[in-house]
Amino acid sequence: MAHYQPIHDWTAVTPAEAVALQQQLRSQIRIQPLTEPVRTIAGCDISFNKYEETVYAGIVVLDLETLDTIEEAGVVSTATFPYVPGLLSFREIPSLLEAWQKLTIEPDVVMFDGQGIAHPRRIGIASHGGLFLNRPTFGCAKSVLVGKYEEPAPERGSWSPMTHYRDVIGAALRTKNKVNPVYVSPGHLIDLETAVALTLACDKGYRIPEPTRRAHNLVNALRRGERPAS
DNA sequence: GCGACAG
DNA sequence: ATCTTGTCGC
């Protein structure tokens, strides 16, 4: 039901062509304040068995106010692109879009498990996904791809800017006291401060924010055959 | 030239 | 990402 804009084809794309495509698409990314209030937020993730190309993709939609899950969608698909640092979107987005189509609700904002503009060409999976979904998106990654930062204070909520070639590309954010930070960066149609605020708003006491945590649990359960591919 | 490198 | 048990620290 939920739909998206097929900005370009994903088939028969080589790594070299993928980089060229990113260079062509980056100018379309818009980092700006939100224009609409957020009531629902989605988290997405994929899982797969070692040495296999079968991918289990899923999206979970939560009510931002209560953090209750209001909808989930999962699909079993096949990866057609290898994992290459900097080209993650070409491996994960195709199957995520399949799951997106099964949603009844169109989430107000989407959190990705990876980078937004904190990317060598400023178009990580969250930014690339934002162009297809045409709605606010941001990334919350567990590790750094590019950029430097000063260690933020040990208390939950503290953060320090991440920079890359003089550009502020994201934030190293402490989501829990004395635990490693997560790396937040705007994807499209949102700004850094809002992305940080939304990440903190999705707290349930874990380092990983709820949207991503639930999507992760969903796809792993799907992969282990513990639940039907919605 | 050498190392780093989201998931 | 995935393969896997116990274990150190708050």
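Naming: A, B, ... by sequence-line order, numbering from 1 per chain.
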**OP:** Report yes if some heavy atom in the side chain of T175(A) is under 4.5 Å from a heavy atom in the side chain of D203(A); otherwise report no.
**Re:** no
Original post:
Are the side chain of Q5(A) and the backbone N or O of L131(A) linked by a donor-acceptor pair below 3.5 Å?
Top reply: no
Original post:
Would you say the side-chain atoms of R214(A) pair up with the backbone N or O of G43(A), donor to acceptor, closer than 3.5 Å?
Top reply: no
**OP:** Check the distance between dA1(C)'s C1' and L96(A)'s CG and give it to me in whole angstrom.
**Re:** 13 Å
Subject >> Spacing between K142(A) atom NZ and dA1(C) atom C1', to the nearest angstrom >> reply: 9 Å
Original post:
E71(A) side chain to I105(A) main-chain N or O, any donor-acceptor pair under 3.5 Å?
Top reply: yes
Original post:
In Å and rounded to the nearest 0.5 Å, what is the OG1 to CG distance from T66(A) to L62(A)?
Top reply: 8.5 Å
Original post:
Would you say N49(A) reaches dA1(C)'s phosphate, i.e. side-chain N/O to OP1/OP2 under 4.0 Å?
Top reply: no
Original post:
Base, sugar-phosphate, or nothing for G139(A), non-hydrogen atoms under 4.0 angstrom?
Top reply: nothing
Original post:
Over how many whole Å does the gap from E52(A) atom CD to dT2(C) atom P extend?
Top reply: 12 Å
Original post:
So what does N177(A) hit on the nucleic acid, given a heavy-atom distance under 4.0 Å: a base, only sugar-phosphate, or nothing?
Top reply: nothing
**OP:** Give, ordered by number, those residues of residues 108-131 of chain A having at least one heavy-atom distance below 4.0 Å to an atom of DNA chain B; if nothing qualifies, reply none.
**Re:** D113(A), G114(A), Q115(A), H119(A), G124(A), I125(A)
**OP:** Kindly express the pairing pattern of DNA chain B in dot-bracket notation, using | wherever a base pairs with another strand and counting only Watson-Crick or G-U pairs under 3.5 Å.
**Re:** .......
Original post:
Salt-bridged, R174(A) to E151(A), with N to O below 4.0 Å?
Top reply: yes
**OP:** For L87(A), answer base if it contacts any base atom (sugar-phosphate contacts may also be present), sugar-phosphate if it contacts only those atoms, and nothing otherwise; contact means non-hydrogen atoms under 4.0 Å.
**Re:** base
Subject >> Salt-bridge criterion met for E52(A) and R223(A) (N-O under 4.0 Å) >> reply: no
**OP:** Verify the contact: side-chain N or O of K178(A) to OP1 or OP2 of dG9(C), cut-off strictly under 4.0 Å; return yes or no.
**Re:** no
Original post:
Which residue, Y4(A), F112(A), W10(A), forms the ring pair (Phe, Tyr, Trp, His ring centres under 6.0 Å) with H128(A)?
Top reply: W10(A)
Original post:
Between T199(A), L192(A), V184(A), which is the residue that forms a side chain to side chain contact (heavy atoms under 4.5 Å, CB included) with W159(A)?
Top reply: L192(A)
**OP:** Measure from the side-chain N and O atoms of D45(A) to the backbone N and O of T212(A), and report whether any donor-acceptor pair falls under 3.5 Å.
**Re:** no
Subject >> Any R223(A) side-chain nitrogen or oxygen under 4.0 Å from OP1 or OP2 of dT2(C) >> reply: yes
Original post:
With a non-hydrogen cut-off below 4.0 angstrom, is V146(A) in contact with a base, only sugar-phosphate, or nothing?
Top reply: nothing
Original post:
Which nucleotide span of DNA chain B, 5' end to 3' end, has atoms closer than 4.0 Å to non-hydrogen atoms of chain A?
Top reply: dC5(B) to dG7(B)
Subject >> Separation of dC3(C) C1' from R224(A) CZ (nearest whole Å) >> reply: 12 Å
Original post:
Any ion pair linking D113(A) and K142(A) (charged N to carboxylate O, less than 4.0 Å)?
Top reply: yes
